[in-house]
Amino acid sequence: MSSFLFNCRLSGSSCIVSRIIFVAQKTNLNTVGNRYKSMPKEMTHVAEAQRQRLKIKEKSAKYVPGKVSLQVLGSGANGAPRSLYIFTDQSRYLFNCGEGTQRLAHEHKMKLAKLEHIFVTQATWKNMGGLPGTALTIQDVGVPKITLHGPKGLDFLFKATKRFVVMKNLKLEMADCEEGSSFSDNVMNVQYVPLSKADLCDGTNEGDKCTQTAGSPNMDVATSTESRDTRKRRRSKSRSRSRSLSVSEDETNYYGNEIDGTKFASNSISEEAKAELAETKEKGVVMGYICRLTPRPGTLCLEKCVKFGVPPGPLLGQLKGGSDVTLTNGTVVKASDVCEPDDPGPVFLVVDCPGEEYLDSLVNNASYRKHQENAVCDEDLAYLVVHFTPKNVMQHPKYQRWLQMFSPSTRHMAINDANVCMGSTSVHRIQCQLNLLSPDIFPLLGDKGTKITVVKEDEEKTTTTTTNTCRSDSQIIQPSTVGIFHLRPRKGYDVSNELKLNPKEYVEEGMKVVDVEDTLPELERKLSEKKSTLVVNEYPKVLFMGTGSCIPNKTRNTSGILLQISDKINVVVDCGEGTYGQVVRFFGEEKSRDVLARTEAIYVSHLHADHHIGLIGYLQGRRRARQLLDMPPKPVRLFAPKQILSWLHFYDLCFEGISADYELIPNGDLLMTGPTLDATRMQQILSDLDMEQISTCYVRHCPNAFGVALRHRRGFKITYSGDTMPSEDLIQLGMGSDLLIHEATMEDELAHEAVVKMHSTTSQAIEVGRLMKARYVLLTHFSQRYAKLPRFNENFTENIGIAFDNMQVKMDELPLVPILYPALKMLFADHYEELETKAVKRQMRLEREKLEKSKGTTAAATAAASAVSANK
């Protein structure tokens, strides 16, 4: 490993790294991490936020909320989460939390500060893949405790991920969700309704047989109808491939350099607990919910009070409390005369029937039947049924007959794969604007599922074209993201809030920026002129799917890169949350299947959550894509720290079968200093990936963090840093690379913070590329403070590029990227000016602190001198 001495000089408002001196040092990364524990950490606001929250909660718990709405956070479309958010004027509730939930919540300002209860229908990734990321966000905004509701064992997801999802200030509890029990608060009562599956292969079900459900791209392994023998054979093959790898508990603290040194309890999960979880997985328990809003007295109507002559004062309070009053003139005013009718509390059901094997349990369920057409009273009739059930199951005759048993007044809303709205407008907005600069490097997105607003020039109205209209077929609503269904007061589904895209508006926004319109022709001329000197091959090319660090924001997702080596070989480099969805959004529904199916390898640099938590979703998406294209099952080559096996093995054992979807090649077996992977196996891997060499090295970040270099048989070489401080080993590994993709988390003035968090600044990353003699350098992994653009400096030369989400560049077109700098600064002038202003203020603050420190030192020296003189 290496340690570094940085000599910096101030140039204007920028701190430029003029020299990096490498001092070779064989040292353990944990020792390096300990060196930084004494450094100042970021001040936390969590404790104060928690205190404020408790005060508000105690006050609001006395009242029944007057407004309750259901808002679709994730529509369930392919590549999008399926999540339902319950809003009240006091608290929030979430039903299912698929991968990408926290990013959509951030974009659509669905604040998570009042969220304390999460209800999950089934322990599968599509329902809980967003829990780790969402929990981290909840913790940061001061929520003290989250209660999970659903099948047994959900809380073990956090125990299994505690090494890379650190829940230091958030308490997690698992509710007891036994059949017949319920949860209640001042907002609603929620009854748990578990469903169990039948074995469709035993020949006992009417007209049913072992169908294709197991192979259906919409079904999960845990709920499929494939026979147990088939599943055992598949798991056996996977185990034989991994027999040489020991699966042990991972006790590594991956954030040891960033937290206060608190010792973690053992990560071990008892064998008894694992056995219980495996049994729960085999049973495939699915949880439904019957929700009834707490009854609320009718509100007092002041207009009616005036009409009856009720004066301001205590009489209004008595009427509001339901008591009749007598006025001074002897008139009796009844509470019923001046109050709105009481709201007994509507009932809504949350139903998930993931496969045909659950249909008998569903249609025969007595708890649900109480709220169908033959309910004892009108108040028991379901006002709304929310279906997380997949489209193919909803179309089953049994399910259709069950739907017909509800009252005609009952509304139905499906959050499933029949929807096509992926939920984000921000990614389309920035892509439309970047597309103005280069349609080749920033192509318009292939996602066509969201409504597109078109303004006709000859009419003062807006029309909408889309493939995803809100259908009322059999009263079933297929909502878009942020669609709202109002429960109190009862207003039904609100179409006015549905998501819409307006590409023309986005382009006009970009063109309105000062000088952009005048700059575009000159930019196009320069790009064309440069391109005419290049010989451009279609492959290889690089697609950035996530260029932000830590957590996703509206425009930068967490780490993910797609290397398209050829039309038949794709390699994913890091796989942050939502990477699968990014592929679907970029290529569109159909083309993405081929891209996913032809993903032959996935590389994970290290085990921080923002670099690998999207792996399970990507593996499952790849499996579905191969099924749809009638391609045989084939495990992906997974290059990763071997410690990842602890997490993947646990998930496979306790939640869903994924072990057949990957073949692990430990990064540590590919070290440039001495690879230990079997030579025959290595040659087969290189042949399959059309590579000449794949080598790794340790880098200076968390334990077990790696950089990688890939050399193709055609000669080109790509090096990826992962997360790291400047690393001498990485320079040696990537020497002579055609392309270095290097993290640049911080701007230069934040070099101290970069050291604390073991990241690189922009100038440090550029210097690494220079020392490596890399032909081109693309910077990525920007702090989320640089949502659109990082700060430039004079080190940004003609071979340096900045990565954006959904930026696709052919290797032969890398010389075009630096030409975009002036136009980028102009397009995002407001954002860039804000960055510069913050930098100036930060520099002024540092100078003030330095001056005050200097004054303090001088005063102390003067006092000491005076004391010496007095003693003489």
Side-chain angles (χ1 to χ4, degrees), residues 48-71 85-93 109-117 142-143 182-190 291-348 371 375-384 409-411 482 484-497:
E48 178 60 28
Q50 289 181 347
R51 284 193 293 270
Q52 293 297 326
R53 177 176 173 77
L54 288 173
K55 289 181 181 179
I56 296 171
K57 182 180 178 182
E58 289 173 2
K59 183 178 180 180
S60 63
K62 303 174 184 177
Y63 308 101
V64 178
K67 294 182 179 180
V68 182
S69 298
L70 280 61
Q71 188 159 18
Y85 209 33
I86 312 299
F87 274 85
T88 79
D89 41 19
Q90 299 173 6
S91 51
R92 310 284 189 269
Y93 309 83
K109 296 180 172 57
M110 297 185 188
K111 296 182 179 179
L112 302 174
K114 294 183 179 181
L115 177 62
E116 289 188 346
H117 295 274
V143 176
S182 63
F183 156 79
S184 289
D185 63 5
N186 63 310
V187 176
M188 61 181 175
N189 175 273
V190 182
C291 310
R292 185 191 293 272
L293 300 190
T294 302
R296 189 173 191 271
T299 56
L300 185 67
C301 180
L302 293 178
E303 291 182 0
K304 292 182 179 179
C305 290
V306 172
K307 182 179 178 181
F308 280 94
V310 182
L315 293 181
L316 293 177
Q318 294 177 36
L319 289 168
K320 184 178 180 180
S323 301
D324 299 339
V325 300
T326 302
L327 304 181
T328 54
N329 60 6
T331 303
V332 176
V333 181
K334 295 182 179 180
S336 59
D337 292 334
V338 294
C339 291
E340 301 294 338
D342 292 347
D343 182 353
V347 174
F348 69 96
H371 303 282
V376 174
C377 61
D378 289 346
E379 292 177 2
D380 287 339
L381 288 173
Y383 181 53
L384 172 69
S409 64
T410 300
R411 303 295 304 276
V482 304
I484 296 180
F485 196 102
H486 298 283
L487 292 177
R488 176 177 286 160
R490 300 193 194 192
K491 296 180 181 177
Y493 188 68
D494 184 357
V495 297
S496 65
N497 201 49

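Just so you know, these numbers use all the heavy atoms, side chains as well, and skip hydrogens, waters and symmetry mates.
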Judged by atom type as modelled, is there a donor-acceptor pair below 3.5 Å linking the side chain of [X] to the main-chain atoms of [Y]?
X: Asn186; Y: Tyr63; answer: yes
X: His486; Y: Ser69; answer: no
X: Asp342; Y: Pro344; answer: no
X: Gln71; Y: Ile484; answer: no

Are any non-hydrogen side-chain atoms of [X] and [Y] less than 4.5 angstrom apart?
X: Leu327; Y: Val333; value: yes
X: Thr294; Y: Asn189; value: no
X: Val338; Y: Cys301; value: no
X: Leu300; Y: Cys305; value: yes
X: Val64; Y: Arg488; value: yes

Minimum heavy-atom separation for Thr410 to Ala382, with atom names?
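Closest heavy-atom pair between Thr410 and Ala382: OG1-O, 2.6 Å.
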
Using every non-hydrogen atom in the two residues, find where Asn497 and Val482 come nearest and quote the distance to one decimal.
ND2-O, 2.8 Å

Apply side chain to side chain contact (heavy atoms under 4.5 Å, CB included) to the pair Tyr93 and Asp185, showing each step before the final yes or no.
CA-CA 12 Å; Tyr93 309 83; Asp185 63 5; 2.4 Å; yes

From [X] atom [atom1] to [Y] atom [atom2], the distance as rounded to the nearest 0.5 Å:
X: Leu487; Y: Phe348; atom1: CG; atom2: CZ; result: 6.0 Å
X: His117; Y: Phe183; atom1: NE2; atom2: CZ; result: 3.5 Å
X: Thr88; Y: Met188; atom1: OG1; atom2: CE; result: 9.0 Å
X: Asp494; Y: Leu70; atom1: CG; atom2: CG; result: 13.0 Å
X: Leu319; Y: Leu302; atom1: CG; atom2: CG; result: 10.5 Å

Side chain to side chain contact (heavy atoms under 4.5 Å, CB included) between Val190 and Ser182, worked out
CA-CA 5 Å; Val190 182; Ser182 63; 5.9 Å; no

Quick one: does NZ or CZ of Arg490 land under 6.0 Å from the six-membered ring centre of Tyr383, within 45 degrees of the ring axis?
yes

Counterpart residues, ring pair (Phe, Tyr, Trp, His ring centres under 6.0 Å), relative to Tyr85 (two or more places apart)
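Phe87.
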
Going by side-chain hydrogen bond (donor to acceptor under 3.5 Å, both in side chains), name the pairs with one or both residues in residues 299-328, residues two or more places apart or in two chains.
none

Taking only residues two or more places apart in sequence, or in another chain, which ones meet Arg92 in a salt bridge (charged side-chain N to carboxylate O under 4.0 Å, His left out)?
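Expected list: none.
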
Between Arg292 and His371, is the side chain to side chain contact (heavy atoms under 4.5 Å, CB included) condition met? List the steps.
CA-CA 11 Å; Arg292 185 191 293 272; His371 303 282; 3.9 Å; yes

